[in-house]
Amino acid sequence: MNLRQEEEELRRLEAKYCSYGDTVHYASSPKFFKAAEGSFLYDRQSRPYLDLQMWYSAVNFGYRNKEISQSLKEQIEILPQLACQYLHKEKVLLAARLARECERAFGREGRVQFNVGGSQAVEDSMKLVRNATGKSLFMAFMGGYHGRTLGASEITSSYRYRRRYGHFSNRAHFVPFPYCFRCPYGKKLESCEYYCVQQFEKLFETEYQSFWDSKAQEPEYVAFYVEAVQGTGGYVVPPPEYFPRLSKILEDRKILMVDDEIQMGFFRTGKFWAIEHFGVKPNIVVFGKAMTNGLNPISGVWAEERLISPEKFPPGSTHSTFSSNPLGTTAALATLEWIRHQNYEKTVAEKGAYFLTRLEELKSRHRTIGDVSGLGLALRIEVTQPDRYTPNKALVDRIFEAGLEGGIPTSRGPMGLVLDVGGYYKNVFTLAPSLEISREEIDLAIESLDYLFKKFGTEVQ
Ligand SMILES: Cc1ncc(COP(=O)(O)O)c(C=O)c1O
């Protein structure tokens, strides 16, 4: 069987036996890849594709990062499997490292509970809040994404993810995110004086706004789920004073802040935790994805001691067969060790600034780019009609497809581009390149994007 026949057979089997319930069939002809290295994926014909999304920011430290992969190979020979009711060294050391990272960043002592995927860790965080407060109503942001399990979908704003399944608990009260390019209140940052925060504060003015019992001095909604930079929402970076102002209100109103770092944690934005850019102290932090550089998945939740002490969260409060699997904890420890030997606070800021400057140049050449911005190496290109404002999903879709078709003529030969699409109008390229990306690769990304915007920019309106 030649390559083409094999692919036809695989597609036939996929069409018959794979569920279409995941996101593969968002594409009309999903792509096969067979190899990966550094910033590149390779298709079945070994053609290269520069990856600007790195498995939705799970592979922050490059595909097949040798040091991290090596740790797994060694662990496979020693203790690859162990029921999670027993202890192993890597689990304990990993929990200690993460808890100390939170203590350093937020000045609070706490503990870590591991799980397998991001959504499951979000579920654990919901248990922690419900258990500690005895209440089950949450707030979250419009445009926020916290996963697709039943509980996590209730705090994820898109109704699309809930529509078929009814309500599992209570959907969150969704608050507008400070998406200043498209301010939900039609304001301008220069003159708004954080109108959005003022509006939020008003919810607690009297009992009649329905959020606060002024006699009991108690909120009805007990936790606010935040992403410091919205991920799926389109890599939206809030203005600098937003979180400090919000956090003050949450503290005054006894509402816990749950910081979802699943996509932005582990130096995507140039800090260990993205929320560190804003100097606020969450009560709970949820993490996953890049913690193992996309190898053996593992996720987790850190909470301050009063919420997760053994008395509050006793044995059996949560459990999953694979929650602290030795391969995952080993890969995560190796990832933290890798991070310790880099200087990501400096290099991610530098590379991000360079990438952003080059994106600004790209914007100046193409009227279909309405906005570019970013924090560290979490970058965005908001694609619009030539008025630089009206969302242009059709152009995004065309460029996205052309990237995966490959064969873009570049100074390094024909190449493909792996992009990710996000944003409220699905008109934003959310760029999450490897934190190890080189200047030459950034230039290559710009060269390819320039070609694609030139080719399709006037054609697709
Ligand atoms: C911010 C955020 N939270 C939660 C999740 C869910 O994580 P998982 O897909 O591992 O369940 C994601 C995944 O994209 C995410 O970006």
Side-chain angles (χ1 to χ4, degrees), residues 21-24 26 53-60 113-129 138-158 160-162 168 172 174 177 179 223-238 243 257-269 271 273-275 277 282 284-302 318 320 322-323 325 328 331-332 335 375-380 419-424 426 428 430-432:
D22 54 25
T23 57
V24 171
Y26 278 179
Q53 65 126 302
M54 300 304 283
W55 201 351
Y56 327 122
S57 196
V59 193
N60 282 3
Q113 170 66 51
F114 293 113
N115 211 316
V116 185
S119 307
Q120 290 97 320
V122 167
E123 299 278 332
D124 279 344
S125 74
M126 295 169 104
K127 281 187 170 181
L128 283 164
V129 174
F138 303 135
M139 291 179 163
F141 281 121
M142 294 179 190
Y145 183 86
H146 302 286
R148 285 192 217 187
T149 51
L150 286 171
S153 315
E154 301 283 9
I155 54 168
T156 294
S157 65
S158 297
R160 185 160 73 85
Y161 303 137
R162 288 185 295 275
F168 172 66
F174 294 104
F177 191 76
Y179 179 7
F224 196 138
Y225 276 75
V226 309
E227 289 167 271
V229 173
Q230 282 199 327
T232 307
Y235 282 23
V236 187
V237 183
F243 273 114
M257 183 191 276
V258 185
D259 171 29
D260 183 340
E261 294 278 348
I262 291 169
Q263 189 159 159
M264 293 295 156
F266 302 98
F267 282 102
R268 167 58 50 206
T269 66
K271 300 264 186 210
W273 308 118
I275 199 85
H277 286 281
I284 296 178
V285 180
V286 195
F287 42 85
K289 286 199 201 274
M291 178 158 67
T292 60
N293 200 36
L295 297 174
N296 245 69
I298 167 167
S299 63
V301 54
W302 170 89
T318 183
S320 175
F322 296 123
S323 61
N325 67 85
T335 303
L375 191 60
L377 280 166
L379 297 151
R380 72 196 305 271
L419 295 163
D420 202 15
V421 177
Y424 296 27
K426 297 288 166 242
V428 178
T430 50
L431 309 181

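Indexing begins at 1, ligand by ligand and atom by atom, following the structure's order. If you read the sequence from its start, that first residue is 1, and numbering goes on from there.
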Completion exercise
If we number the atoms of ligand 1 from 1 as shown, the ones under 4.0 Å from a heavy atom of G147 are 4 (C), 6 (C)
Exercise for the section: Please indicate whether any nitrogen or oxygen in Y145 is less than 3.5 Å from any nitrogen or oxygen in ligand 1. Expected result: yes
Problem - Residue from D260, D259, V129 passing side-chain contact (heavy atoms from CB on, under 4.5 Å) with I284 - result: V129
Practice task
Would you mind checking which non-hydrogen protein atom is closest to atom 16 (O) of ligand 1, with the distance to 0.1 Å?
Solution key: Q263 NE2, 2.8 Å
Handout entry: Backbone of M264 reached by a side-chain donor or acceptor of E227 within 3.5 Å
Key = no
Exercise for the section: Return the orientation label for the F141 and F243 ring planes: parallel under 30°, perpendicular over 60°, tilted otherwise. Expected result: perpendicular
Handout entry: Sidechain-backbone polar pair: R380 side chain, G234 backbone, donor-acceptor under 3.5 Å
Key = yes
Handout entry: Whether S157 side chain and G143 backbone form a donor-acceptor pair below 3.5 Å
Key = yes
Practice task
Note the single closest protein heavy atom to atom 10 (O) of ligand 1, along with its residue, its atom name and the distance in Å.
Solution key: G118 N, 2.9 Å
Completion exercise
For atom 3 (N) of ligand 1, the closest protein heavy atom turns out to be D260 OD2, 2.6 Å
Practice task
Please report the closest heavy-atom contact between A121 and S299, naming both atoms and the distance.
Solution key: CB-OG, 3.5 Å
Problem - Nearest non-hydrogen protein atom, atom 11 (O) of ligand 1 - result: S119 OG, 2.5 Å
Exercise for the section: Just need the protein heavy atom nearest to atom 14 (O) of ligand 1, so name the residue and atom and give the distance. Expected result: K289 NZ, 2.8 Å
Exercise for the section: Could you tell me whether E227 approaches ligand 1 through its side chain, its backbone, both or neither, with non-hydrogen atoms closer than 4.0 Å? Expected result: side chain
